[in-house]
Asks: 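Have a look at this one before I ask anything.
Here the structure is a predicted model, which means the values were calculated and not measured. Reminder, nothing fancy here: chain letters follow the sequence lines and each chain counts from 1.
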There are 2 protein chains.
Amino acid sequence: MTEILTEEKIKEAARIVFMEKGYAATGMRDIAAKAGVNLSLVNYYFRSKRNIFNLIMTEKMQKIFGSIIPYMIDETTSLEEKIKNISTMYINTISEDPNLPLFVFSEIQKNPEEFAFLFPLKQINFMETSIIKQFKTRCPEINPAHFMLNFLGMTIFPFIAAHLFSNMQTHIFDNILSVIEERKTLIPLWMNQILDSPIN
Amino acid sequence: MTEILTEEKIKEAARIVFMEKGYAATGMRDIAAKAGVNLSLVNYYFRSKRNIFNLIMTEKMQKIFGSIIPYMIDETTSLEEKIKNISTMYINTISEDPNLPLFVFSEIQKNPEEFAFLFPLKQINFMETSIIKQFKTRCPEINPAHFMLNFLGMTIFPFIAAHLFSNMQTHIFDNILSVIEERKTLIPLWMNQILDSPIN
DNA sequence: AATTGTTTTAAACAAATGTTTAATTTTTTT
DNA sequence: AAAAAAATTAAACATTTGTTTAAAACAATT
């Protein structure tokens with residue numbers, strides 16, 4: 001019974017190739033080659049390119065959007081604790097899969113309708129989450145969108161930009177891995193600075 | 001002499017289609033159709049798909065990376081003024097071309113070698129720019145990469161995330177256009193808060 | 001050991017791809 | 001007005017694409 005092994009080998013190969021080249025630039029033959037498997041087996045186990053891609057995409061969307069939800073709705077933590085927990089969790093998660101944000105964002109952009117329905121954040125009422133309620137109490141004058149954009153921008157953007165520049169042999173962001181590691185403790189401090197700003 | 005008109009029509013069509021679908025998903029027939037022109041004319045004027053794409057890509061990389069350089073090296077402005085000028089300039093520039101960051105980042109990721117040599121920031125010594133020298137004076141303990149990542153993350157990330165969510169009919173970032181407009185004045189205030197933080 | 005079901009293979013498929021060719025139309029030059 | 005040059009067209013090209021077919025190899029069951 002080698003069945004599960006082959007199926008998982010193909011899925012893992014698809015993960016790697018899709019993440020690297022995107023949907024359009026990936027061929028079924030690329031996946032088969034990376035899995036070390038006959039071309040027909042990809043269709044045999046997964047029916048079509050669209051089908052296997054959507055499996056991977058669902059996984060990755062869950063990973064980047066779904067993972068934040070438990071932290072956002074947690075009524076037992078303070079705003080500061082949420083910031084600390086989410087930035088640490090995100091930096092850990094994305095460090096293992098540095099191309100995750102760029103992959104997910106750019107595939108959604110190319111096919112928004114196809115993936116809208118499996119967007120995990122659609123299922124919760126964003127404005128009624130604990131984190132947003134806490135922010136509104138703290139900064140009643142500021143649109144909570146600003147808070148989320150600042151927070152996620154500071155956390156996620158470094159992966160989009162830096163992993164890229166290092167591939168281009170630019171030296172702007174040398175030691176980027178240790179820089180990103182430092183951000184686990186720095187981002188919460190900076191976010192508190194912003195929250196306490198007299199602007200609010 | 002309709003020559004220039006046709007050539008520019010094709011280039012403009014290529015701009016639109018490439019920005020929307022990316023290199024791999026764009027066909028020569030898509031470009032010809034969008035330009036309202038015979039398929040052969042695309043090769044007649046631009047020789048190959050790679051060639052016309054690289055023209056567009058050079059343009060866009062100049063727009064997103066090149067436009068920031070004059071502000072970074074300007075010795076006549078303070079750090080605060082640079083922050084104000086760059087965030088305003090970027091928000092104006094990208095608002096007219098909201099998919100610019102995602103397009104450039106994801107195409108570079110798929111082909112880092114091809115575009116490394118035309119990366120405008122390779123030509124300047126990043127660490128010796130005025131903005132970085134000013135930051136190091138202000139915050140000697142902090143790696144300047146953090147400063148640039150915070151600043152660019154707060155400025156650019158909203159376009160990557162928000163334009164996307166609105167296409168997905170999520171309501172997380174409603175009124176995103178006015179929110180982004182507000183950020184022209186808010187980002188400099190937040191950045192100053194971060195710069196003045198007792199952490200540094 | 002024979003039969004059944006499952007997995008793997010090589011070959012072929014039609015459709016789509018980027019590109020080229022050669023003829024035709026249009027424009028420019030003489 | 002004739003000749004030359006440039007722009008446009010339709011058709012074909014060789015590859016590559018995702019997918020299917022049908023036979024072979026393998027495993028499980030009787």
Asks: Does a salt bridge link B:E12 with B:K9, judged by any charged N lying under 4.0 Å from a carboxylate O?
Replies: no
Asks: Taking the six-membered ring for Trp, is the centroid-to-centroid distance between A:F53 and A:Y23 below 6.0 Å?
Replies: yes
Asks: Output one line per pair: protein atom, nucleotide atom from nucleotides 19-21 of chain D, and distance, for all N/O pairs under 3.5 Å.
Replies:
from, atom 1, to, atom 2, distance (Å)
D:dT19, OP2, A:K49, N, 2.8
D:dT20, O4, A:S40, OG, 3.2

Asks: So, A:D30 and A:K21, do they make that salt bridge, N to O below 4.0 Å?
Replies: yes
Asks: D:dC26 C1' sits how many Å from A:N38 CG, rounded?
Replies: 15 Å
Asks: Could you state the atom-to-atom distance from CD1 of A:I10 to P of D:dG18 in whole Å?
Replies: 15 Å
Asks: Return the residues of residues 13-24 of chain B meeting this criterion: a heavy atom under 4.0 Å from some atom of DNA chain C. Order them by number, or give none.
Replies: none
Asks: Does a side-chain heavy-atom distance below 4.5 Å link A:T155 with A:R183?
Replies: no
Asks: In whole angstrom, give the distance that lies between atom OH of A:Y45 and atom P of C:dT6.
Replies: 12 Å
Asks: Nearest whole Å is fine: how far is C:dT6 C1' from A:L41 CG?
Replies: 12 Å
Asks: Indicate yes or no: at least one non-hydrogen side-chain atom of B:I52 is less than 4.5 angstrom from one of B:R47.
Replies: no
Asks: Identify whether the distance between the nearest side-chain nitrogen and carboxylate oxygen of A:R15 and A:E20 falls below 4.0 Å.
Replies: no
Asks: Going by an N to O cut-off under 4.0 Å, is there a salt bridge joining B:E141 and B:K136?
Replies: no
Asks: May I have the distance from B:L5 (atom CG) to C:dT27 (atom P), rounded to whole angstrom?
Replies: 13 Å
Asks: Is any side-chain heavy atom of B:S130 closer than 4.5 Å to a side-chain heavy atom of B:K82?
Replies: yes
